[in-house]
Every structure is written in C-alpha cells, then in structure tokens.
Amino acid sequence: MPVILDAADSPSLEQLLQAIPESQALVTTWQVGAQHAATHPIQGIGPLGSASVHEISFIVTPKYQSELENTLACAVIMTPELARANEAICQAKGFGQIICSQPYLFYALVARWFDQARQPSRMGGIHPTAIIDASAVISPSAIIEPYVIIGARTCINEGVQIRAHTVLGSDCNIGRDTVLNPGVRCYDRVFIGERGLIHCGVVLGADGFGFAPNPAAGKGAWGKIAQLGGVRIGHDVEIGANTTIDRGALEDTVIGNGVKIDNQIMIAHNCQIGDHTAMAACVGIAGSTKIGARCTIGGASMLSGHLTIGDDVHISGGTAITTDIDKPGRYTGVLPAAPHANWQRNAAVIGQLSDLRKRLRKLERN
Amino acid sequence: MPVILDAADSPSLEQLLQAIPESQALVTTWQVGAQHAATHPIQGIGPLGSASVHEISFIVTPKYQSELENTLACAVIMTPELARANEAICQAKGFGQIICSQPYLFYALVARWFDQARQPSRMGGIHPTAIIDASAVISPSAIIEPYVIIGARTCINEGVQIRAHTVLGSDCNIGRDTVLNPGVRCYDRVFIGERGLIHCGVVLGADGFGFAPNPAAGKGAWGKIAQLGGVRIGHDVEIGANTTIDRGALEDTVIGNGVKIDNQIMIAHNCQIGDHTAMAACVGIAGSTKIGARCTIGGASMLSGHLTIGDDVHISGGTAITTDIDKPGRYTGVLPAAPHANWQRNAAVIGQLSDLRKRLRKLERN
Amino acid sequence: MPVILDAADSPSLEQLLQAIPESQALVTTWQVGAQHAATHPIQGIGPLGSASVHEISFIVTPKYQSELENTLACAVIMTPELARANEAICQAKGFGQIICSQPYLFYALVARWFDQARQPSRMGGIHPTAIIDASAVISPSAIIEPYVIIGARTCINEGVQIRAHTVLGSDCNIGRDTVLNPGVRCYDRVFIGERGLIHCGVVLGADGFGFAPNPAAGKGAWGKIAQLGGVRIGHDVEIGANTTIDRGALEDTVIGNGVKIDNQIMIAHNCQIGDHTAMAACVGIAGSTKIGARCTIGGASMLSGHLTIGDDVHISGGTAITTDIDKPGRYTGVLPAAPHANWQRNAAVIGQLSDLRKRLRKLERN
C-alpha cells in the first residue's frame, strides 16, 4: 500500500530512475531484484512493512531492519552502509536495490513522481459556471473550475489552478503555478506568490479583530476599527485546510517565502512571518507578532500579540509564548500529563509555590 | 421550549409511545396527566424548567426536584424511585408520567422521534446544478443537492445525502445512509462508511504536513513530501463542523467504527483512531499517533505525533499528551487558573522548581 | 501605506472632517500642513512610520515621538498635550494637525470612513443563480449573491447582504443590515440580530456534541442525542472566520448583543454569552457554560462545560478555566515557557510537588 498506477501505466525500475532527473546525482548504483524481470512494473511506493511486490520501498535507519527482512517490496532504496550490512538478506530475498546516500530524500522524489503521474489532466480554461468580473485578468493557461467567483481587477497568472467553489475578492493577485483548492475564500487585496498551495477551507483576509471601547453605545460596548490592510503571501507557501490569516489593520499581514503552515492555524492581523518558518497544526498567533526566519512552531502552540521572535527559534508543541525571544534555540512550556489522581495531588500545590519558596527560605535562614 | 410540531401534527402521549418501538422494553407504566385529555397533543420536549404545557419533559436525578415541583410540562419521564418519592407532587400538578428505569435514554429516543418528525422530506435525485463526472456511480436513492461536485469513479451508495455545495474528489466512496452536510470538502480517495454524519466545513484528505529539509532550495528551505495515502472512515462516525482529517503519507489515515469527533478537531496524517473513541472540540492529534478503542479525549487537548495510546484511556480537557499511554485510566495535565496576581506569584516559582528541590534536599541532609 | 483612494476621489482635510459627523464633538482645532495646499487630497491613513505624503496618521502616546519626528504623513491626529509638546516639530515638518482628546477613537472614525468610501456598490437584488425556497421572505433591499441557497420560511430583512456561496437552512432569520460573508453555513433555526457581521467559513447551528452510552450497539458504542434547539445571536455581533457555534440540545445556544467573537472559536451547545463579551481567536467553550456580560477571553483559552462565569471577568490567553468564577477580575493559568533544557529540569519536579510539600512540612516540624 499504496499501489498508485495500473501495471500498464507503470515504469520499470530503470524507467523510474530515468524519469527522476535527480537520480543522476543521488543514486550511486542500482540493480533490479534477482527475482524480478527487468520489465517488472513499479506501481507505487510503500513502507517496508506493507509494500506489495508491485511497490518500491525505502529504509533510512537500521531500526527497521526486521521489516527489511520480511518486506515484499520489489526494490528498496537504501544507503551504501545498509546495503553492505544486508548483503545476505538482499540476496536471499531477491529485491532490487537503489543505493544512495540520502534515501529519505530519494523516497520524497519517488513519491512526488508517483503523485504527479496519477494527477488527472484537469480541464483547462474557464468553466462556464465561474463568475468573473469583467475587469479581472485571467491567464489563458490558468484553470478556473466550476462555481468559482473572481472579483474586480483580480489577476490570475500563468498556470494557476483555482479549483471549484473558491471565491476571490477584488484586487487580488495569484502568482504563477499556485493552486487554490476547493472552497478557499480570499477577501479583497490578498496577494499570493508563485508555486503556492492553499488547501480547502482556508480564509485569507478576513477582518482583523480590532475594537475600541465605545461607551457611547452602551456600558462595555465595542466600536469596530476598520481593517484597511491586506494579506501578502510569498512564494512557495503551503497553507493547510481551514487555516485563517486576517488582513492588517493599516498595513498588510505578511507571510514570507517558503513558509509552511499546517491546518487550523490562526494568524492574526499585522503579523509578519519570516522565510521558511514552519508551523504545525492548531497554532494561534495573536496580532502584530513578528516571527523570524527558519523557525519551527509545534502544534497547538500559541503566541501572544506584539511579540518579536528572532530567527531559528524552535517552539515545542503546546507551548504558550508570552514574551519576546531573541536567542535561537528551543523553547518549551508544557505541563506534563499524569494519571489524574497524581495530577490532582500535585496541581493543588502549584497555587502554593510562592508560599513554599518562602517557607523554604525561612528554613534555610535558621 | 422547544415546541417542535404543530398541534395538528403532534401525537397524543399514547401515540408517541407507540411510535417509539423501544417503549415496549423500557417503559414500565405510563399515564396521561390528570389535567390533560388523553388526546392532548405532545408538541415537543423540553427541560423541566422551561417546558410548556405542550411538551414532555424528563427528570434523571433528584437534583432537579424543585424544577419538577414547578414544571408546566404535560408529562414527565422518570424512574420508579422518583415517581414514588413524588407521588403527591405528581397528583397535585396533574402531569402525566412515563415510568422507566432509564429516563435519560428514553429522553434521547423521544428527542430523536421529534427530530425525525420535523425533518422536511428532501427532494430526491440529482439537482441539475450538480456537476458529476460521467464515471461516478450514484445510487438512485441518493440525494445530490445543488452545486455539488463529484469526481471520477466516486461511488455514492443507497440513501446517501450529499447536501449543497459539497465537493468530492475522485475515487471516493460514501457508504449507505451517510449524510454530508453543506460545504464538506473531500479530496481524492476518501472512504466513508455507512450511517455517517459529516458536518459543514469538514475537510477530509488534505495533504499531510510532510516536508524534508531541502537546503538546495535555500538556507532553511523545505521540500514537500507528496502525500499518497487516503482517508478511511468507518461506519457510524460523526464528524463536527470545520474539523480536518489529513490523508496519509503512504498509507491511509484511519478512523474506526463508531468514532465521534466534535468540531474544529485536527487529525494529522497516518493517525489511527480506535472504535468508539470520542473526542470533544478543538483537539489536535499530530501525525502517526495511534489511539485505542473506547477512549475519550477532552476538549482542547493535544497529542504529540508518533504516540501509541491504548484502549479505554480518558484524557481530560486541555491536557497535552507527549508520551505513550498503555494503561487504561484518566490522565490530566492542566495548570489550574487563578486570580492573575496569585498566578504571577506562583508561576515565577515554576522556573525555579529544580533549584528548590535541590535546596530542600540539602536541608534534609543537614 | 495604505493609500486607499485615487487622488481624484479623495477629500481635502477639510472635506474629510466634514464627512465625519463626530468631528464636531471630538476635534478641538485643526489646520492644514504648512507644506500642503488646502486642496491636498487625503488618500488614506497609515502608521506614522510608513505613511506617505498622501496619508493622514495619528499619535496616541509619546512612545512614538521619534516616528512623529520622521513621518511623511501630510496630517497627524494628536492630543492637545502632544501638540503643545511638539510645536517646533510640527512647524518644522509642516504637516497638518487635527487636535482632539481621543486620537485613537478619531483614527477609528477616519479608518471607517475610508473603508466605506472604497466599498464597491454591490449589485442589489437576487442573483439568478441563488436558489431560494418559495416560502422564504426576502426584503427587496437585501442583496443575495451568486450560488446562495436559502431554505423554507427563512426571513432576510432590509439591507442584509448574503454574499456568494452562503447556505441558510429553514426557519432562519437574519436581522436588518447584517452581512454574511462568502461561504457561511447556517443550519435550520439560526437567528441573527441586526447589524451583524459574519465572516467566511462560519458554521452556525451544527449539532451539539451529545451522545449517551449505547451498549446495545456494541461495547463502548455511543447513541446520538438529537439536538433540537437552535442558535440565537443578538444585535451588533461580529463572528470571525471559521468559527463554529453549535445548536442547543433542547433550548437555543444564545449569544448576547454586542458580542465580538474572533476566528476559529468553538462555542458548544447550550452556551450563553453575555452582552459585549469579547473573545480572541482559538477559544473553545464546552457545552452549557454561561459567560457573563463585558468579559474578555484571551486567545486559545478554553472553558470546561457547565460553568458559570460572572460579569466583567477577564481571562488571560492560553488559560484553562475548569471551575465557576463569580468575582470580576483577571484570571490566568499559563505555564511560562523557557529554554527547553530549563523547562525539562523544572517540569520533572511538577510531578513531585505534593511530595516536596510533605518533605518541607516534615522539616518544619523538626
């Protein structure tokens, strides 16, 4: 699992390696499995433990040694070291071998090849049910699927795919080869760079959460502060399903190049995210916080507003960041879970910690 | 509140009990209220405190005794014990009684009856605005609402309802009697079992968050790992609004039978969720984590990736789980909230705990 | 940044002040910048640091003094105190001044003016692709955009905008001048007050998460409890992108007047939220919890079910509330983040706190 292609559409090992240009640089040697004809079709790629005889697999660490010994895969990507250490097994099992120093990277390339090979050729052009403002500019090479709506002066560049039901406001710009999956919503003035991938349910450019007390309208009432900025997203950005990025209050909310954003993330107005920063699902970033380049933010973390986080900062999952961080490194703040009764016993003491410290000091003084 | 049906469409108490087949097994005795005609129509079901004379109500524990004494409901579901203890009140107030040992279960059955009684009969067949690939297979008993899109080779089985604006990719399968509410998005190769209920805004099968460092593309750059697996969901699964479940990297993400998933939950690629596990809103589960059967996961909890959680594990709301759990039981990890000043005083000590322990040890040694 | 209007459509400072009725009450004095003609058009509003010569700006605290000294803005809103303190600078730089005691409020009014000035005049009436039940009642002044679906007996009042792709169930009511952005989903019986603003991807009225153990259907199986209530939302409520509010089990889930709800928030069934309460993104509120008026709830906080939180309670971001709060004030419960090694050292002690306290007591007794 998973077989991706029909046998008739599948390459032999030689054809597969030829189809991946990076093979030349990455693969030292390769050979067809002793038990397989040179024309044996490679129909997919799977983990060692569940790959069928129609699939290629890979091994990155000796940890999966026993799965190698039992694999059905017709060929295995591995390092020279693992190949040497397993010469007898390879011989006995008769699977093919692709020897390269970076088997995980090569797995990614093979997976990408299969993913692209199975992509249906999407119908080009503009579906007749799409409703496009007369002032919008649509590249002839773009694909606009059914029920899409595109606002005034929005520009859709070469090779862009706007998939079904996506709605774009006015004055947006979608860079070449970017894909917006079904049901993406962009308000006005959202700019997305090239080669982006935006998943279903993403909302870009909703109003930032800006209110000022407005006592004239009642005790405790709030007055809305219009959100005049936009959202500006760099090149090579992926944004996961149902994530939301709000427009800026005055200036744009800015997402750098190469940023990877998982599902269900919230990025508030005026945030700035540096290049190649990656954040796992369910992260929330409050307004006006600036995050540096090459940071990683673990899932379900949250960052307060108006913070500055430097480059190369790594935040563990589930951590709340409430102060600036200027030094690279890993930061954590998670309460360890425990059996409930243990937790109850210890949690009760947390509210007395300051008192405990005082009492300890007193003992020390005596 | 709430009255559900018009008086003309509403059953008498006798008719209601006859309409619910489980009455025979569950209800020991029942009687119409002394103050009501036997034909008094039951128009809905409400809590004791707010039910009108047109509604039936229920009492599960003596805790709501005072509400029973003041209820307007025309009939009350109760245990034999509560009936005995309240004989005088029942007589005085003159409401009807349905005596059964499981009043909460019987409430659920009555509520279900009213819910179904008020369901509009939806227009059958395929709405002309639906766009369905010629190779898709649609059961004649399925309902396909407006603006639905269904991809190649996708199979829609008997009694399925695909409500408005839902988009299904290619090679999906939706099991009989499953309902997809408006605006659900399924990518390719999403399989949903029978009798499922998927709420608005759910996204199934978006790419898992898989990247590998790709320094060739720039310092800190990420290379995407194609996500080749699918999503496989069992029978009798409910998935709440705006929840997202990603496709697997190589194998499928798997949700067992009878699993109940609340709103705004994120289940990452390669996760496996055991049968009848229930999770409350805002839970996040990172990639490749396996959760056993019959677990409950409290709201806003998060689980790290690559964990194994056994059967019958119960995680309190707001808890971060970062290690395997193999023993059934309840696990908790929540920092108790406190008035801000108290919290400040005590939180400052958390960063000194290790030091405190050292100092305590030193005192003990002296 | 941002310039909002073309020069030809932009007001002079005098025209801008005249266009904002509140100027009369709020602005003490004003003058055009010495360097600018009285007809110099104000094309937008920006922060001091980045405003161009075509924009107005504002200063609220002396903290931004240096930005005032370097601003390019053609006019600045400021307090009389700041104006006096900066007389020389104002003279030297030659920008215009608007003197008023509440510069932030006046900024909000100017921003609102620009926001409205740039709104396109939306096409009125009902788009031919909208599918509206014959029994629905649509005000002639309402705007119904493409691909909208409106169910039986739903009522759309004066000035309402139902933007593209939004789906409304049966028996809903949308109060006058409320705007539903693209892709909002309302199930049956959702009531929204006047002047509301509902952002993209919001789901109102999905089933509450109600199940009862149903062992008859298998070990650990759950039986669904039908959710019969609706959702009732007051006037002047804003709801952020991808937020979900579930319908009540028997009675309605209720959101008060003037409540402000950010993105990705989850409000479970039967909750009641008091007037003018505001909650930042990613908050989760479990079922049947009642929150008072004028509360603020910080981002990523979570509240357990069946709680009662009084008026004027302020909950810090990232805090878990698991007990009732009846006293106004600020409440916090966040584990401070730290460099990972520090955290590891200290977190290990949390599981021993009760033991530490015991040992401390023992020492104290000796």
Side-chain angles (χ1 to χ4, degrees), chain A residues 131 147 149 152 165 167 170 183 185 187 201 203 206-207 209 211-212 217-230 242 244 246 250-252 264 266 268 284 286 302 304 315-316 319-322 329-336 338 342 345-346 348-350 352 356 359-360 363, chain C residues 1-2 4 44-47 50 104-105 108 111-112 114-115 120 129 146-147 164-165 181-183 197 199-201 236 238 240-242 258 260 262-264 275-276 278 280-282 293-294 299-300 317-318 334-340 343-344 347 350-354 356-357 360 363-364:
Chain A
I131 297 178
Y147 302 127
I149 295 179
H165 284 260
V167 175
S170 303
R185 317 296 183 192
Y187 286 69
V203 179
D207 283 352
F209 198 63
F211 299 92
K219 187 182 170 191
W222 298 98
K224 181 175 177 69
I225 296 174
Q227 302 292 304
L228 301 171
N242 284 356
T244 57
D246 278 357
L250 286 172
E251 302 192 85
D252 295 339
Q264 307 247 28
M266 162 61 183
M302 70 82 123
S304 299
I315 297 172
S316 301
T319 296
I321 301 292
T322 58
R330 185 173 172 200
Y331 296 82
T332 307
V334 183
L335 194 78
N342 296 11
R345 247 196 325 272
N346 293 307
V349 186
I350 291 177
Q352 312 169 353
L356 247 60
R359 286 157 57 188
L360 185 62
L363 284 176
Chain C
M1 274 278 296
I4 308 280
I45 180 164
S50 62
Y104 193 72
L105 175 57
R112 191 181 65 185
F114 275 106
D115 191 45
T129 60
Y147 302 126
H165 285 259
N181 274 294
L197 177 54
H199 283 284
C200 292
D236 303 296
E238 181 163 345
N242 283 356
K260 307 300 178 188
D262 200 356
N263 297 9
Q264 308 247 28
D275 291 353
H276 305 306
C282 305
R294 298 175 305 278
V334 182
L335 193 78
H340 186 71
W343 168 80
Q344 248 177 330
I350 291 177
Q352 312 170 354
L353 282 178
S354 160
L356 247 59
R357 184 175 55 179
L360 184 62
L363 285 176
E364 287 173 330

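Chain letters run A, B, ... following the sequence lines, proteins first and then strands; every chain starts at 1.
Only the side chain of A:Q352 comes within less than 4.5 Å of a heavy atom in chain C; its backbone stays farther off. Contacts between C:N181 and chain A at a heavy-atom distance below 4.5 Å involve the side chain alone, from C-beta outward. Both the backbone and the side chain of A:L228 come within contact range of chain C, each with at least one heavy atom under 4.5 Å from a heavy atom of that chain. In this structure, no portion of C:L356 lies under 4.5 Å from any heavy atom of chain A. Only the side chain of A:R185 has a heavy atom closer than 4.5 Å to any heavy atom of chain C. In this structure, chain A has heavy atoms under 4.5 Å from both the backbone and the side chain of C:C200. Contacts of A:A221 with chain C are made by both backbone and side-chain atoms, with heavy-atom separations under 4.5 Å. Using a 4.5 Å cut-off between heavy atoms, C:I4 touches chain A through its side chain atoms alone. Using a 4.5 Å cut-off between heavy atoms, A:A286 does not touch chain C at all. In this structure, the portions of C:P339 lying under 4.5 Å from any heavy atom of chain A include both its backbone and its side chain.
Panel note: side chain A:D252, backbone A:G229; no donor-acceptor pair is recorded below 3.5 Å.
The aromatic rings of C:H199 and A:Y187 are tilted relative to each other, their planes meeting at an angle between 30° and 60°.
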